[in-house]
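Source: prediction; values computed, not measured. Just so you know, these numbers use all the heavy atoms, side chains as well, and skip hydrogens, waters and symmetry mates. Per chain, numbering begins at 1; letters A, B, ... match sequence-line order.
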Number of protein chains: 2
Amino acid sequence: MKRSRPLKRKTKPVEPKRVEPDAVDPRSVDDDPVVQGILTAISQKRLKPGAKLGEDKLASAFGTTRIHIRQALAHLGSRKVVMQIPNRGAFVYRPSWEEAQDIFAARRIIEVAAVAAAVDRLDKSGKAALKAHMELEARHDRNDRWASLSLTAEFHILVAKLAGNRVLLDMSRELMLRTSLAIATFEQPGEPDCSPDAHPDIGALILARDKAGAIHAMRHHIEEMEQRIRPKQDADEVDELTAIFKEIGARSRAGA
Amino acid sequence: MKRSRPLKRKTKPVEPKRVEPDAVDPRSVDDDPVVQGILTAISQKRLKPGAKLGEDKLASAFGTTRIHIRQALAHLGSRKVVMQIPNRGAFVYRPSWEEAQDIFAARRIIEVAAVAAAVDRLDKSGKAALKAHMELEARHDRNDRWASLSLTAEFHILVAKLAGNRVLLDMSRELMLRTSLAIATFEQPGEPDCSPDAHPDIGALILARDKAGAIHAMRHHIEEMEQRIRPKQDADEVDELTAIFKEIGARSRAGA
DNA sequence: GCGCCATAGATTGGCGCCAATTTAATGTCT
DNA sequence: AGACATTAAATTGGCGCCAATCTATGGCGC
């Protein structure tokens with residue numbers, strides 16, 4: 001509340017040192033271990049949509065204080081990765097069916113443009129990075145579901161990186177995460193997120209600088225993903241315990 | 001403040017109350033008056049890139065507590081509208097030259113897709129909304145710089161709304177804000193942000209359902225905006241007072 | 001027995017205080 | 001007189017406490 005301002009100029013027009021910051025370490029909030037942890041847990045589907053993210057639980061889990069957790073959750077809430085409800089807490093975001101479709105539509109637009117730019121800008125280091133990733137995906141352990149999910153996401157991120165546009169890259173990252181949530185919410189049990197052959201095909205087309213082909217393959221790939229999800233008929237079915245015990249209860253009643 | 005929820009089925013199996021939230025009022029953090037205030041101040045260029053956003057100042061300005069301001073700044077920091085530097089505070093985000101170009105490139109991609117979808121989905125209410133906005137832009141007071149800036153931004157938001165994709169709409173909103181920051185950072189003094197005839201042209205083409213024409217006009221419009229900005233040669237020149245008083249000081253010294 | 005109401009427990013939200021760091025100002029030395 | 005080091009003020013960051021709200025369990029009336 002004190003507004004006493006010590007006098008400013010005493011001798012000259014002194015030049016007010018540096019009032020504005022520039023060229024500062026652009027380390028974002030995303031580097032926070034709590035944020036990273038929740039993000040990878042979601043992209044690996046170890047955290048399901050609707051899961052409660054209690055502040056105390058997370059604080060003890062990550063070994064930090066509640067305030068730190070609060071900041072991380074607020075950040076994730078701004079990015080629509082978690083849903084924050086006043087006085088009730090934070091939950092892993094569960095997109096609606098319309099929102100899920102919108103996410104795929106947005107990916108179609110952005111990733112088609114990204115793959116086109118990637119073909120245009122492809123250089124030696126880009127080729128090397130792409131080949132390295134394709135090698136990884138070819139040799140990876142298909143039994144490790146978590147590593148699998150991370151790798152398939154990384155391919156799309158890599159294409160966005162090759163496009164050479166930071167803004168587009170950030171949008172792709174966000175869309176990848178929200179796609180994970182959409183798929184986790186509306187997937188049919190047992191189906192993989194990506195068809196296993198799609199990424200090598202797209203990668204080969206990019207390496208061959210076949211722009212039209214790469215665009216077509218990418219669009220087809222995304223449409224294929226989109227066709228794997230189905231709307232949930234009953235919104236209350238999402239309640240795990242109810243869904244699980246509903247038929248069991250019915251069966252036991254029938255048996256008795 | 002009471003949110004009594006009328007239960008759905010009350011007779012059948014137990015139904016463990018409600019563990020997971022759904023269909024909750026999706027009122028976002030963006031409705032916060034502090035966030036809205038800073039956002040409109042930025043889009044109207046009353047807050048320039050690099051401006052310090054002190055917590056105490058904002059708290060007394062908005063008549064709230066510092067914690068509330070903190071949350072708002074954290075949210076804006078997550079959206080890259082303000083830049084937060086540890087132990088130094090929050091500043092209005094100032095994009096780099098490369099980032100500014102990336103923003104325009106992203107807008108080219110997204111808004112071209114949005115205008116195409118808008119033509120496809122155009123219906124009666126969409127036509128009415130578009131006509132109403134064009135009327136507003138035609139009759140608005142051109143001397144009111146702040147209203148002008150708000151209106152020109154609203155046109156692009158309206159096109160994104162007509163596209164019928166919430167995800168794309170949110171991205172367009174974010175890109176509009178960041179465009180404001182890019183233009184404010186790199187504009188040549190005295191030039192308007194938008195050429196005055198561009199919006200009526202695009203609107204007419206949408207109303208005529210001329211998809212190819214609308215796409216071309218929108219792309220041209222964005223490229224025209226992009227060509228109005230120029231990189232700043234000296235990074236330190238951004239310090240306003242220094243820049244202003246540098247030549248004055250030199251002249252007075254020469255005169256004396 | 002079923003549904004409604006009340007109390008207890010748990011969780012989130014907010015405020016104040018104090019420590020840590022940065023920034024501005026003053027004094028001193030060359 | 002200019003520049004560096006020291007000191008003082010201001011601002012941000014973090015932690016603990018307490019109030020407000022919501023969830024869950026038990027009791028009561030119909």
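As a whole-Å value, the separation of B:L73 CG from D:dT11 P is 15 Å. If you measure from atom CG of A:D56 to atom P of D:dG16, you get 12 Å, rounded to the nearest angstrom. Across the protein-nucleic acid pair, A:H68 atom NE2 and D:dC15 atom P stand 10 Å apart, rounded to whole Å. Atom CD1 of A:I67 is separated from atom C1' of C:dC15 by 11 Å (rounded to the nearest Å). Here the C1' atom of nucleotide C:dA20 and the CD1 atom of B:I85 are 17 Å apart, to the nearest Å. If you measure from atom CZ of B:R88 to atom C1' of D:dT12, you get 12 Å, rounded to the nearest angstrom. Protein atom CZ of B:F91 is 11 Å distant from nucleotide atom C1' of C:dT23, rounded to whole Å. Protein atom CD of B:Q84 is 17 Å distant from nucleotide atom P of D:dT11, rounded to whole Å.
Dashed line: the shortest gap from a side-chain N or O of B:R70 to OP1 or OP2 of D:dT12 is not under 4.0 Å. When the side-chain nitrogen and oxygen atoms of B:T65 are compared with OP1 and OP2 of C:dC15, one or more of them lie within a distance under 4.0 Å. Of the side-chain N and O atoms in B:R66, none sit less than 4.0 angstrom from OP1 or OP2 of C:dC15. For B:Q71, no side-chain nitrogen or oxygen approaches OP1 or OP2 of C:dG13 to under 4.0 Å.
Here the CD1-CZ distance, from B:I222 to B:F104, works out to 8.5 Å after rounding to the nearest 0.5 Å.
Under the 30°/60° scheme for interplanar angles, the aromatic rings of B:F155 and B:H133 are found to be tilted.
We find that A:R230 and A:E187 are not joined by a salt bridge, their nearest charged nitrogen and carboxylate oxygen being 4.0 Å or further apart. A salt bridge between A:K80 and A:E174 is absent, with no side-chain N of the basic residue lying under 4.0 Å from a carboxylate O of the acidic one.
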